[in-house]
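First the proteins, then the strands, lettered A, B, ... as listed; each starts at 1. Not measured: the values here are computed from a predicted model.
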Number of protein chains: 2
Amino acid sequence: MTTTAPRRRASISDVARLAKVSVGTVSNVLNRPDRVSPTTRERVLAAIDDLAFVPNGSARQLRAGTITTAGAIVLDVSNPFFTDVARGIEDRLEEADYTLMLASSDENPEREARYLRLFEEHGVQGVMVVPATPDVEHLETLRGRGLRVVLLDRPSPVDTLSSVAVDDRAGAAAAARHLVELGHERIAFLNGPHTIRQCADRSAGLHDALVELGLDPDRALVEITIPTLNADGGQGGTEQVLALADRPTATMCVNDLTALGALRTLRAAGVPVPSGMAVVGYDDVAFAGELATPLTSVRQPTHQLGHRAADLLLDPDDAVVQVTFQPELVVRESTTGVG
Amino acid sequence: MTTTAPRRRASISDVARLAKVSVGTVSNVLNRPDRVSPTTRERVLAAIDDLAFVPNGSARQLRAGTITTAGAIVLDVSNPFFTDVARGIEDRLEEADYTLMLASSDENPEREARYLRLFEEHGVQGVMVVPATPDVEHLETLRGRGLRVVLLDRPSPVDTLSSVAVDDRAGAAAAARHLVELGHERIAFLNGPHTIRQCADRSAGLHDALVELGLDPDRALVEITIPTLNADGGQGGTEQVLALADRPTATMCVNDLTALGALRTLRAAGVPVPSGMAVVGYDDVAFAGELATPLTSVRQPTHQLGHRAADLLLDPDDAVVQVTFQPELVVRESTTGVG
DNA sequence: CGTCGTCGATGAAACGGTTCATAGCATGAA
DNA sequence: TTCATGCTATGAACCGTTTCATCGACGACG
């Protein structure tokens, strides 16, 4: 095992030399073993073993052109929602013997662009991305250059791009309806910037539902924009809500991490949930039901979302398909109180 | 924008032809712009823009040999502990303009091997890995072939490999001491298989602490091996604990996800926490303090862990360094009760 | 006995970049 | 005027594979 470290990685021609065959034959052993006679094959394999030869992926890809890797860009790897989606992607890709390169854009369009470029340079088969911008022109361009592109967690605004999404308007509307039924007439919404489509959609869904229920959104809805869609954002946003003159009786959060921060802040401020402030989350992550006050949340089919996205990416017909799943409101004590 | 999709990606020679220069010049524009006169540079850049030229990473890498990408393999991307570590890695890598390929082995040595191979084939600079096996010979081999290797969340058993870890024995021991001080004399430990080093270490730490405190580990400790280190594992393990004849009064969990499953199961079974069963987690993930019963847990410096690992990977001297952080027990109500 | 087909192995031409020795060409000094 | 110098641009070699046309050997067959 502790042979002296070779200065240079063994190449296929080193193997060929050692096995006394041509490089073409070594390549055949690697890729079409049946085209090679058993004795030669044996000899080549022995040489490969001897030199600890590992084929150079770049060279292979350069020549062969194809690669069984896909890329995914999510907004934040440390958000369980996205990692559950990633899990769905991985599971589907593995069936096809593909591998996944995962990256997070941090909601930063430049980071997104950088990873897209990296992926393209490395010739991935395709890319699944939760865009950090409303605009997807750059993704259409990418597709124009031959990459598979699947929009993740966001319906495609154009009919040239596949997408796998959950109906965010419906999810937000369901939450709004629930709150209004409970008697809330003034609702805070801790939301991210509308440049992120999910945020814009959830805002619209909330708005529409309120109108439908006969409320004036301008009065009933206070939307607070938070800089980061995590617990810290939830904390800052909640502090703002608590400082409002005409304090809302319910807070809806753009995701469960944000809700976590909200609950923490409310507890620190001594505001009881839900009697002092009802709270609704979004995503229904694993811990939502186990919190001090179990969290009412909008459940999304995360694993399926990823699975289907990978499915589309691998589709041999390269069809453009836009899939929309329906979310489901899971009611718990953060809105209904004990019982 | 909707130009007809080119059948083939533009190459550097297409650019050269259009700009009426040689390929070498185009390459220079890309890599050493100062070596090229402004007017030529301008012309080349215009051509690049025109053709939407994206350099082929494989070709570049094949020739140049180097690449600014690193790989990381963790046990489970959907475990917040690992994603927090990944975040730390990403943040450090970004400073150096490196990119990260993240993958999860699912605690499966074969998957780990497959990703390692993929990474090596693609010539990553190095790899940070939470090994799924106690054995690291394959990683030494990898290092022998010139890849940087950093063991993540696990001290290196050999002095040829760098590692960044947290003292798992100390963490588990602190938890054990805490429980014994509270009067517990019989403790269940929901742990993963000892083939995972962290699991073995935490078991040993627990064991040693009990001995030190004058208890007989054979009586005081019931270790239950769970198949998956997540909430489902915690649920199954807790069901076993509850079925024990001489039921322990405290359960220690190998991580917070497991503890989440344990708490859920205890609640379903009507067992009060901590009076009926104290629970300790490990990792102190974001939601630990916000649970129905806030969870006592062993906090690890996740972000630092990742940051330092990336640091070692990037170290220009390629020194072999073994870093160990100290964990910290965070006491909450799941062991001490209200107050 | 010559011809043909098959099978295995060969060697060279790509793939798309980087790098480097070299050459062309002003410019300024001698 | 000559020559050294510096600046640009060139083109070919090379990186490590895959692929494909070709070739030799050998057995079957007419």
Does A:Val21 reach a base, just sugar-phosphate, or nothing at all? Heavy atoms under 4.0 Å. sugar-phosphate
Using a heavy-atom cut-off of 4.0 Å across all strands, would you classify B:Arg32 as base, sugar-phosphate, or nothing? sugar-phosphate
Nearest-Å distance, [atom1] ([X]) to [atom2] ([N])?
X       : N      : atom1 : atom2 : result
A:Gln61 : D:dT18 : CD    : C1'   : 13 Å
B:Arg17 : D:dT10 : CZ    : C1'   : 16 Å
A:Asn56 : D:dC15 : CG    : C1'   : 8 Å
B:Asp34 : D:dG6  : CG    : P     : 17 Å
B:Lys20 : D:dT10 : NZ    : C1'   : 17 Å
B:Arg35 : D:dT8  : CZ    : P     : 10 Å
B:Arg43 : D:dT10 : CZ    : C1'   : 13 Å
B:Arg9  : C:dG17 : CZ    : C1'   : 12 Å

Hey, is the side chain of [X] poking within less than 4.0 Å of OP1 or OP2 on [N], counting only N and O atoms?
X       : N      : answer
A:Ser37 : C:dA9  : yes
B:Ser22 : D:dG11 : no
A:Asn28 : C:dA9  : no
A:Thr25 : C:dT10 : yes

When you compare the side chains of A:Ser58 and B:Gln61, does any donor N or O come within less than 3.5 Å of an acceptor on the partner? yes
Donor on one side chain, acceptor on other, A:Asp106 and A:Ser104, under 3.5 Å: no
In terms of side-chain heavy atoms of [X], which of [options] is nearest?
X       : options                : answer
A:Thr40 : C:dT18, C:dG8, D:dG11  : C:dG8
A:Arg63 : D:dG11, D:dA13, D:dG16 : D:dG16
A:Ser11 : C:dT18, C:dA9, D:dG16  : D:dG16
A:Leu62 : D:dC15, C:dC15, D:dT18 : C:dC15

Does a salt bridge link B:Glu95 with B:Arg92, judged by any charged N lying under 4.0 Å from a carboxylate O? yes
Between B:Ala64 and A:Leu30, who's closer to the 5' end of DNA chain D by nearest nucleotide? B:Ala64
Is it the case that the side chain of A:Thr324 and the backbone of A:Pro155 share a donor-acceptor pair, with hydrogens and angles ignored and the cut-off at 3.5 Å? no
Using the rule side-chain contact (heavy atoms from CB on, under 4.5 Å), only one of B:Val74, B:Val150, B:Leu102, B:Leu152 pairs with B:Ile89; which is it? B:Leu152
